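Presented below is the structure to which this report refers.
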Amino acid sequence: MATSIIELISADHEHVKEHFSELEEIPGAKLGDWFCELRELLVRHEVAEEITLYPALRSEVAGGDKIADARIAEQQAAESKLAELEKMDPQSPSFLAELLQLRPAVLEHAKKEESDVLSRLQAALGPERLEDLGRAYALAMSSAPTHAHPHAPDTPPGNLILGPVAAVADRMRDAIKKAS
Ligand SMILES: [Fe+2]
């Protein structure tokens, strides 16, 4: 049975919140791995939203353009922060400090998406359209590159899972274009 894009995105937001809630408990030696998981979660989610959720908001919801611009700007700020973090040493004290700053920005953005974007989409679109968008979103999420060397030793965290944020986002956008 198809699932609405609203449910899929809400579930992803819960996953991101749970991941962030572990931040203070993660031992320093594991922080690089924790960051790689966060980066994968966020990049896949955000690119999938930009390909499915935001075009629908722009074309099918009155006033959607302005809201899409504001939310996408927040996502791009988070992507830039992730790109900066992937160049840092996860053992350095400033790495954790930066992550602690990123957390409220990401969670606040997710809250705004739920109150400002998902609720409007829910009100404007019928259940079948929301399920179609759910299928497109799930396809976009599954088009992310797979893990190459998740536990390769002596590799900076930037290379552990997906490669740099910008490259991953580009590869996903290309993969979706080819599939559609
Ligand atoms: Fe989101």
Side-chain angles (χ1 to χ4, degrees), residues 2-23 34-86 98-125 127 129-145 161-177 179-180:
T3 309
S4 149
I5 191 170
I6 311 274
E7 286 170 62
L8 294 175
I9 289 180
S10 302
D12 277 354
H13 285 180
E14 281 311 308
H15 197 176
V16 170
K17 273 181 225 167
E18 274 168 33
H19 195 67
F20 264 123
S21 72
E22 297 165 1
L23 178 54
W34 181 93
F35 172 71
C36 285
E37 278 179 47
L38 174 77
R39 188 185 50 174
E40 182 181 359
L41 269 176
L42 287 181
V43 173
R44 290 173 66 193
H45 171 73
E46 290 180 358
V47 173
E49 283 181 341
E50 285 172 30
I51 291 167
T52 59
L53 174 74
Y54 285 105
L57 180 72
R58 286 184 192 281
S59 60
E60 297 171 55
V61 177
D65 257 333
K66 216 174 142 191
I67 299 167
D69 288 345
R71 298 291 82 79
I72 287 173
E74 290 162 0
Q75 297 198 163
Q76 283 169 349
E79 272 186 36
S80 306
K81 182 56 84 180
L82 290 171
E84 278 173 36
L85 277 157
E86 69 191 6
E98 293 284 341
L99 283 171
L100 288 168
Q101 276 184 20
L102 177 67
R103 177 166 61 184
V106 168
L107 297 185
E108 184 60 25
H109 162 75
K111 225 159 114 184
K112 283 188 197 162
E113 261 179 358
E114 286 163 17
S115 62
D116 216 23
V117 178
L118 299 185
S119 60
R120 280 169 207 258
L121 222 60
Q122 178 99 60
L125 274 49
R129 178 67 182 133
L130 291 170
E131 286 178 7
D132 281 349
L133 286 169
R135 271 188 282 270
Y137 178 84
L139 172 70
M141 285 294 285
S142 66
S143 301
I161 294 188
L162 291 170
V165 167
V168 174
D170 284 349
R171 285 206 299 277
M172 279 185 68
R173 289 184 183 106
D174 286 349
I176 304 289
K177 262 186 224 147
S180 57

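For clarity, every value in this text was computed on a predicted model and none was experimentally measured. Whatever order the structure lists ligands and atoms in, that order sets their numbers, starting from 1. Numbering of residues begins at 1 and proceeds along the displayed sequence.
No hydrogens or angles considered: a donor-acceptor pair under 3.5 Å links the side chains of Y54 and E113. A donor-acceptor contact closer than 3.5 angstrom is absent between the side chains of H45 and H15.
Not one N, O or S atom of H109 sits under 2.8 Å from the Fe ion (ligand 1).
Taking each heavy atom of L121 and L133 in turn, the nearest pair found is CD2-CD1, 4.5 Å.
In E113, the N, O or S atom that comes nearest to the Fe ion (ligand 1) is OE1. Within H45, the N, O or S atom at minimum distance from the Fe ion (ligand 1) carries the name NE2. Among the heteroatoms counted here (N, O or S) of E49, OE2 is the one nearest to the Fe ion (ligand 1).
Summarising the local packing, NZ of K111 is surrounded by 12 or fewer heavy atoms from other residues, nucleotides or ligands at distances under 6.0 Å.
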